[in-house]
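Scroll down for the structure; my scribbles are underneath it.
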Amino acid sequence: MANFHTDALANSGNGTAHAKQEGAKSANTRGVAKIKAESVNVFYGENQAIKNVSVDIDERQVTAFIGPSGCGKSTFLRCINRMNDVIESCRIEGRILIDDNDIYAKGVDPVILRSHIGMVFQKPNPFPKSIYENVAYGPKIHGRTRNKSELDSVVEQSLRRAGLWDEVKDRLAQPGTGLSGGQQQRLCIARAIAVDPEVILMDEPCSALDPIATARVEELIDELRQNFTIVIVTHSMQQAARVSQKTAFFHLGHLVEEGPTDRIFTNPEDKRTQDYITGRFG
Amino acid sequence: MSDPHIVSSFDDELKYLIRRVSEMGGIAERMGGDAIAALVNSDAGMAQRVISEDIVLDEAERDINERSILVIAKRQPMAHDLREIMGSIRIAADLERVGDLAKNIAKRVVAVEGSGQPKKLVRGLEHLAELALTQLKEVLDAYSTRSTAMASSVRQRDEEIDAMYTSLFRELLTYMMEDPRNISACTHLLFCAKNIERIGDHATNIAETVYYMATGAQLLGERPKVDETPSVTAAGK
C-alpha cells in the first residue's frame, strides 16, 4: 500500500521492491480501482472549475479524459498529484484516494506523493542537462539507488521502457534538449518512470508531436499500462479511442459520462458526449 | 437528423450518402415491381428495361462505397455518424443485390413465356412478390424516418414470405410431377420464387441495419424462419 506521509520518507528507498511485490499480487486483477475521486470540487477563487466529480480509475488501465477546452479535465488531472497546491487561489473539496489513502490528508508530503505519481506534460520539458542526468535526477534525489552502477542500470532500464535506449545509448552525455520533439517527450516519460511511480499522468503528451512521434508515444503508452496506471488528457478523440480502455467526458466542470472507451465512441449515452465526439459543438 | 456539425461540409457529405441510398431504394423497388409485371404479362420489352437498369444500381453502390471511405478517411466519424456511414455501405450492398435478383427474374421472362406458363402459378408468384416488395418499401420508409418500430416489424414479417415461399415450392413440385412438360417453366418459376424470397431477406437485413444505425444496438433474438423447402421432397410433399 502506498504511503505518502512524511514519516514514510525513510522507507521510500524500498519503493521499487515494494511496487513490484504489489504488482505480482494484483497482476491478474482487472478493473480494480487504483484512484478513487469522491465528490471533488475545485475552485479558483470564486470560480468553480470542477463540480462534484466522482470517478474510479482502474489499475493498469489507460483512462482518457476528453472534453472541450476549459472543461476542467486538466484541472482534475492536476488534482491527482496535487499540482494545484502551488496555485494560490486554488481550493479543493472532496477526497481523492490512491490505494485507499487520502492524498489530501494531513501529513501527506506532496513531494513523496509526486514520486509515486509521475507526470508528462504537453510540451516536452527536459532539464537543461544531459540525457543521462535527466533520467538519473529523480532516482538520485529520492535516494532510490545506492551506487553508480545501480543508477546506470535504472537509467538504462527507464530509457529502454520508454523505447528510447537504442536511439540515445551512444550519446547519453549530450544535452536532452538536443533531441527531436518526439524523443524529448519519450525522454520525459523515461524520467517519469525512472522513480518507478504507480500512476503516470499525461497532459496532452502528443499535441506538440508529429504523427510518427505520436504513434511511438501511443505504442509506448500501450506497453506501459502493463506496469502503470495511466491517466491521459487528450484533445484528440482518435487518440483517446486508440490508447485508452476507459474514457471520461468532461463538460463545464462536470463529469458528464464515463465508461468503456469502446462504448463511449460508438454509442455514448449522453447527448452532450455524442455532440462533442461527433463534432457538433466546441 | 440531429444538430448540424461544426464543419458543415461534413453534413453535406452525410446528406449525399442518405440521398444516394434513398435513390437506390427507389430504383430497386421499381425494378422488383417491373420484373414481376413483366413475368405476369409476358412483357419482354419491360423485362429488357429491368435488365438494363441494373447498371445504375451497380454504379450507385460503387459511388456510395467510395464516398463513404472518403468520409471516414477525412472526418474520422464517431458514434452515430460512423454508424450512419457503415449503414449506408451495408444498405447499398443489399439494394444492389435486390437489383441483381430483379434482373435475374427479368431474364427468365422469355424462357417462361416460351413454354406456356401455368397462369395459376404466376398468380402465386405475384402474391409472394407483393409481400416482398411491401417489405422493401416499408424498410425504405423506416430508413428515411429512422423508425426502429417499423424496422422491427419488417423483420418480424419475413416469416409470412418464408411460409408462402414454402407452399409455392410444394405447388410447383406438384405441377412438375403431374406433367413433365411443365418442368422447364416450373423450374424457372422456382428460381423466380427463390429470388423474390431473397428480396424479402435483403429487406430484413436492411431492417436490422436501420435498427443498428438508430440505436447502436443489434436487433437481438433469432428471427423467425419458416422456409421449410430444404426438407420438402417429391415423395413427402
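Every chain is numbered from 1, with letters handed out A, B, ... down the list of sequences.
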Taking the six-membered ring of B/Tyr143 as reference, does the NZ or CZ atom of B/Arg146 fall below 6.0 Å from its centre and within a 45° cone about the axis? yes
Is NZ or CZ of B/Arg155 both nearer than 6.0 Å to the six-membered ring centre of B/Tyr211 and within 45° of the ring axis? no
Between A/Asp58 and A/Arg225, is there a salt bridge with N-O shorter than 4.0 Å? no
Applying a strict 4.5 Å limit to non-hydrogen atoms, the region of A/Thr278 in contact with chain B is both
Below 4.5 Å, heavy-atom pairs only: which of B/Pro77, B/Gly216, B/Ala217 has the largest tally toward chain A? B/Gly216
Measure B/Pro4 against the heavy atoms of chain A and call it side chain, backbone, both or neither at under 4.5 Å. backbone
Could you check A/Asn81, A/Val53, A/Ile35 and say which one makes a side chain to side chain contact (heavy atoms under 4.5 Å, CB included) with A/Ile96? A/Ile35
